[in-house]
Amino acid sequence: MRKFKVVVTDWEFEDLRYEEAVLNQSSHIELIAADCRTEDEVIYTCKDADGIINQYAPLSKKVMDALENCKVITRYGVGVNTINIKAATEKGICVANVPDYCMDEVSDHALALILAWVRKVVVANDQVKKGNWDFKVTRPIYRLRDKTLGLVGFGRIPQALAKKAEQFGFHIIAFDPYFPAVEATEKGITLVSLDTLAEQSDIISVHAPLTPATKGMLGKELFARMKKTPLIINTSRGPVIDEDALLESLKRGVVSGAALDVMTEEPINKEHPFLTMDNVILTPHVAWYSEEAEAEMRTKAAMGIMDVLINIKYPKYLVNQEVKNHTNLMKNVSQETISK
């Protein structure tokens with residue numbers, strides 16, 4: 001009798017020891033490690049897969065239409081922009097992510113970028129290593145206390161950042177149309193419109209997920225509304241910011257600086273203007289990372305597969321709750337388990 005086929009479409013780790021530790025608990029699962037980059041490669045490898053663990057490979061409608069047995073897809077990390085959620089739901093495929101594995105890491109990294117830019121850490125380091133021991137190369141530096149920090153999105157990570165930033169004396173505001181205003185007030189945060197946030201913030205930290213509605217949401221029109229010259233921090237997804245508009249705003253002094261962990265194109269193009277700009281700090285999409293966070297993310301992604309295929313229940317971090325109206329999980333998975 002055949003085993004459940006579980007495919008890791010793509011991965012950038014040294015091995016799959018965390019995934020194996022979870023999935024090898026069942027003798028009914030066969031784990032396949034792949035290296036898919038295109039839709040056709042995913043289809044070729046995953047056409048008969050029962051479960052899929054995904055990182056960057058595209059799981060488009062074309063892919064969904066070709067999947068014959070798939071019951072569950074889990075994605076490493078928080079974002080699910082590689083997956084066509086609507087198409088998966090219509091086929092009765094559960095989609096799960098890992099939304100809580102790196103709250104400290106990303107909020108720590110966002111705060112580190114704020115401090116590094118405001119305190120001119122990179123500039124000072126470069127000058128000292130060039131033999132220039134002179135604090136005046138960092139002028140001007142302004143204190144953080146009483147500055148306004150604007151959070152674009154107010155989910156788990158920006159909430160963690162808000163708690164940490166409060167210790168520095170920030171006044172904190174946030175834009176999140178889905179977060180209850182009463183709950184935000186209880187947390188000491190004022191919810192405002194995106195335009196108001198742009199007008200009032202000294203520092204803007206972006207934490208919105210990438211969706212059709214958020215793509216390019218920080219663009220030319222929003223930058224034009226800025227009454228201050230804020231620092232822009234992005235540890236969410238590159239395309240949430242219109243990079244051309246940001247570049248122009250940096251050149252014109254509408255924005256004083258940017259500290260970016262994510263880009264629209266990753267890795268960054270070697271000819272990108274940001275690479276030569278003194279008022280831009282770049283890190284290589286590393287905000288999520290710690291040894292502990294990586295282990296947690298990979299373990300929980302594998303557990304989402306186990307939940308559906310072996311435990312016959314909806315995964316803990318089910319993204320497409322609507323799928324419950326499109327499939328009878330108990331019936332579909334149980335029938336295959338009985339046949340094994």
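One-based numbering along the sequence shown.
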> Excluding sequence neighbours, so at least two apart, what forms side chain to side chain contact (heavy atoms under 4.5 Å, CB included) with K270?
Replying inline: none
> Sequence neighbours excluded, which residues qualify as ring-ring contact (aromatic ring centres under 6.0 Å, His included) partners of F13?
Replying inline: Y76
> Listed by chain and number, what are the side chain to side chain contact (heavy atoms under 4.5 Å, CB included) partners of K300, not counting sequence neighbours?
Replying inline: V98, D100, E296, Y317
> Same cluster for V78 and V80 if Ile/Leu/Val/Met/Phe/Trp/Tyr side chains link at under 4.5 Å?
Replying inline: no
> Are I85 and V308 linked, directly or through other ILVMFWY residues, by side chains that come within less than 4.5 angstrom of each other?
Replying inline: no
>> Counting neighbours of CD on E20 that are heavy atoms of other residues, nucleotides or ligands and sit closer than 6.0 Å, is the number greater than 12?
In response: yes
> According to a 4.5 Å side-chain heavy-atom criterion applied to Ile, Leu, Val, Met, Phe, Trp and Tyr, with indirect links allowed, do L247 and M217 form part of one hydrophobic cluster?
Replying inline: yes
> Does atom CD of E12 have more than 12 heavy-atom neighbours, drawn from other residues, nucleotides or ligands, at distances under 6.0 Å?
Replying inline: yes
>> Can you confirm whether more than 12 heavy atoms, excluding those of N325, are under 6.0 Å from its CG atom?
In response: yes
>> Can you list everything that forms a side chain to side chain contact (heavy atoms under 4.5 Å, CB included) with E90? Sequence neighbours excluded, please.
In response: K86
> Side-chain donor-acceptor pair under 3.5 Å between T89 and N320, yes or no?
Replying inline: yes
>> Before you tell me yes or no, could you show the steps for I53 and T9 under side-chain contact (heavy atoms from CB on, under 4.5 Å), namely the whole-Å CA-CA distance, both residues' side-chain angles and the distance that decides it to 0.1 Å?
In response: CA-CA 6 Å; I53 302 177; T9 58; over 6 Å; no
>> Starting from V42, can I reach I73 by hopping between I/L/V/M/F/W/Y residues whose side chains sit under 4.5 Å apart?
In response: yes
> Any side-chain donor-acceptor pair under 3.5 Å between Q167 and K164?
Replying inline: no
>> I'd like to know if L161 and I232 are part of one continuous hydrophobic network [Ile/Leu/Val/Met/Phe/Trp/Tyr, side-chain heavy atoms within less than 4.5 Å].
In response: no
> Between the side chains of T235 and D261, does any donor sit under 3.5 Å from an acceptor?
Replying inline: no
> Are D65 and K91 ion-paired here, with the side-chain N under 4.0 Å from a carboxylate O?
Replying inline: no
> Are D50 and K71 within salt-bridge range, i.e. N to O under 4.0 Å?
Replying inline: yes
> Does the side chain of H171 reach to within under 4.5 Å of the side chain of L149, using non-hydrogen atoms?
Replying inline: no
> Would you find more than 12 non-hydrogen atoms of other residues, nucleotides or ligands less than 6.0 Å from M303 atom CE?
Replying inline: no
> Are N24 and S26 linked by a side-chain donor-acceptor pair shorter than 3.5 Å?
Replying inline: no
> Any side-chain donor-acceptor pair under 3.5 Å between T264 and E243?
Replying inline: yes
>> According to side chain to side chain contact (heavy atoms under 4.5 Å, CB included), who are the partners of A181, at least two apart in sequence or on a separate chain?
In response: L191
> Which is it for D48 and K5 under the salt bridge (Lys or Arg N to Asp or Glu O under 4.0 Å) test, yes or no, and what are the steps along the way?
Replying inline: CA-CA 8 Å; D48 60 344; K5 178 179 176 181; 2.8 Å; yes
Got a list of side-chain donor-acceptor pairs under 3.5 Å for residues 207-216, not counting sequence neighbours?
from: H207; atom 1: NE2; to: S205; atom 2: OG; distance (Å): 2.7
from: T211; atom 1: OG1; to: A213; atom 2: N; distance (Å): 3.3
from: T211; atom 1: OG1; to: T214; atom 2: N; distance (Å): 3.2
from: T211; atom 1: OG1; to: T214; atom 2: OG1; distance (Å): 3.3
from: T214; atom 1: OG1; to: P209; atom 2: O; distance (Å): 2.6
from: T214; atom 1: OG1; to: T211; atom 2: N; distance (Å): 2.8
from: T214; atom 1: OG1; to: T211; atom 2: O; distance (Å): 3.3

> Any ion pair linking R298 and E294 (charged N to carboxylate O, less than 4.0 Å)?
Replying inline: yes
>> Walk me through whether L16 and V8 qualify under side-chain contact (heavy atoms from CB on, under 4.5 Å).
In response: CA-CA 9 Å; L16 293 175; V8 181; 4.1 Å; yes
> Salt bridge between E68 and K47, side-chain N to carboxylate O under 4.0 Å?
Replying inline: yes
